[in-house]
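Chain naming here is simple, since letters A, B, ... match the order of the sequence lines and numbering starts at 1 in each.
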Amino acid sequence: SPRSRGRVVSDKTSGLSVAPEDNASELHLLSQLPKGMRRGYALLPPLLKVLSDRGHQNWESEAPRLQPGSRALRYMKRLYKMSATKEGIPKANKSHLYNTVRLFTPCSECKHHHRDLMKGDVHLVDLLFNLDRVTALEHLLKSVLLYSFDTSVPISSSITCMCHLSVKEHDSSSQVCPSLSHSIPFSLQFEVRKRKWVEIDVTSFLQPLIATNRRNIHMAVNVTCLMGDPQQNTKLENAINMALVPPSLLLYLNDTSEQAYHRWNSLRHRRKNPVWPRQRNSPLVDPTGGKGKENSQGKRASRQR
Amino acid sequence: RAENLKEAPATPSHNLSKYFNQFLFPQNECELHNFRLSFSQLKWDKWIIAPHRYSPQYCKGDCPRVVGHRYGSPVHTMVQNIIYEKLDSSVPKPSCVPAEYSPLSVLTIEPDGSIVYKEYEDMIATKCTCR
C-alpha cells in the first residue's frame, strides 16, 4: 500500500527486508528475492517467521494447518521429553547428535492384499512421503520407519516381521498407484515384543535419495508377520489379523543454519568456561536407534571410570 | 550471597546493613530479570506443542560509570562512557544487554501437518553485561 511502500524494515535476524503489515507487498518483495533466498524464507522455521514478520498482526488467520495424527503427536511429545528438560532446554548429553527431528505421515497410500500368495499376514502398501519441509541445511543423520502396534493386540509371544522396501518412480499412467519401475531390495527382520513402537532403520536405504534432494519419496512397503519364533512351527492364524497402521517416517537431522543450536559449539565453549554447571544425570539418547536399550548405569560407570 | 543479603530476615541491625548494602550493591544496576510467557497468550499454542511455557528473561538496569570486571565488559565500554561524558553526549551510554544465552527446544506442527522437533540457539538470556 502507498503507506508502507517507502518504509521497508530490514530484519536483522535473517538479513531480509520485509515491508510490514502488508501481505501483498510481502509477496511482491518475496518475488524479487533471488530464487534460493525465496525458498529459504518460505521454509524459515515458523517460529522465526513469526518473529521476523514483526508487522504481521493477524498471524492466527493464516491458512489452516493439516493436523497430525494422535499417535504421531504422542510419539513426538515423548521424544521431546527425552531430549529436553522441563524448561525446554536441550539435554546436554554427548551422543545426542541431532538438533532437528521431523516426523512425516504418508500423504497417500495404496493398499494391496496378497493373503493367498504368501504365508502369514502380508501388508503391501505404497506410501508417498512429501519431504518439502526438509531444508538444504538439514543434513540427514538417521531415518526410521516408525510402526506403532495396537496394544490391544495380545502380544504374549514375540512376533517376527520381515519388511521389504522398494523405491517407486512416479509414472504418468497412474496418479495414485504408480507401478514399480525400479526397486532397491531392502529387507529387515524385527521382533515385536511388548514395545508399542517399532523403529525400522532405513538410513542406508533413504540416504542416497535425500542426498540428491529428492523430496517426494514413494516406496512400497511389504511387511510379513509371523507369530512366535520363525524357526519353530508358528501359529499363523490368530495374531494375523493385527491391524498395521501405515508407518510414519522419522528423520533425525543436523541443522547447520545459524538459528539452530549447535551442541558441539556450546560444549567446547563450556569446556573453556568450566564454571558452567554440568548436567550429571541426564538419560542418554542414542540417535542411532538404540533408544532405551543401553544400560545408562553402564554408561555412567564407564564415564566415571 | 547478594541474594541472601537481600532476603535476610529483619534484625535490629537491619537498617545499618541496608545502609551499607547500597554502597556495596547499588540498586537498579544492570541485571537479569525473570520474564515468563506461555504460548497460549500469544495464541501460538495451536502450532507450538511444547514447551507450554517459555522464559526468555531480559536485562535491565543502569550501567555504572566505571564498568569493572563485574560485567566482563570490554575496555571499549569504558571508552564509550568517557566519550558520552566528555566529548559527545549524543553518543549513547553503554547499555545493559544479554551476554550469554541458552538454547530452547521447540516442538511445532508444520503447515503440511508434519511435526518437527528443533533446538534453537540463543533463546533464553542467562547473563547480562554492559556494553
Side chain to side chain, B:E121 and A:H262, heavy atoms closer than 4.5 Å: yes

Which portion of A:E138 sits near chain B, non-hydrogen atoms under 4.5 angstrom: side chain

B:H33 atom NE2: more than 12 heavy-atom contacts under 6.0 Å: yes

Contact class of B:I115 relative to chain A, heavy atoms under 4.5 angstrom: both

Interatomic distance, B:E119 atom CD to A:K91 atom NZ [nearest 0.5 angstrom]: 11.5 Å

Segment of A:L73 engaging chain B (4.5 angstrom heavy-atom cut-off): both

Atom pair OH/OG1 of B:Y120 and A:T100 - distance to nearest 0.5 Å: 8.0 Å

Contact class of A:K77 relative to chain B, heavy atoms under 4.5 angstrom: both

Close side-chain approach of B:K118 and A:D255, heavy atoms under 4.5 Å: yes

A:Y75 side, atom OH; B:Y117 side, atom OH - distance, nearest 0.5 Å: 13.0 Å

A:R133 side chain near B:D112 side chain, heavy-atom distance below 4.5 Å: yes

Where A:I89 and B:P103 come nearest, the two heavy atoms and their spacing: CG1-O, 3.9 Å

A:Y80 side chain to B:S105 backbone, donor-acceptor under 3.5 Å: yes

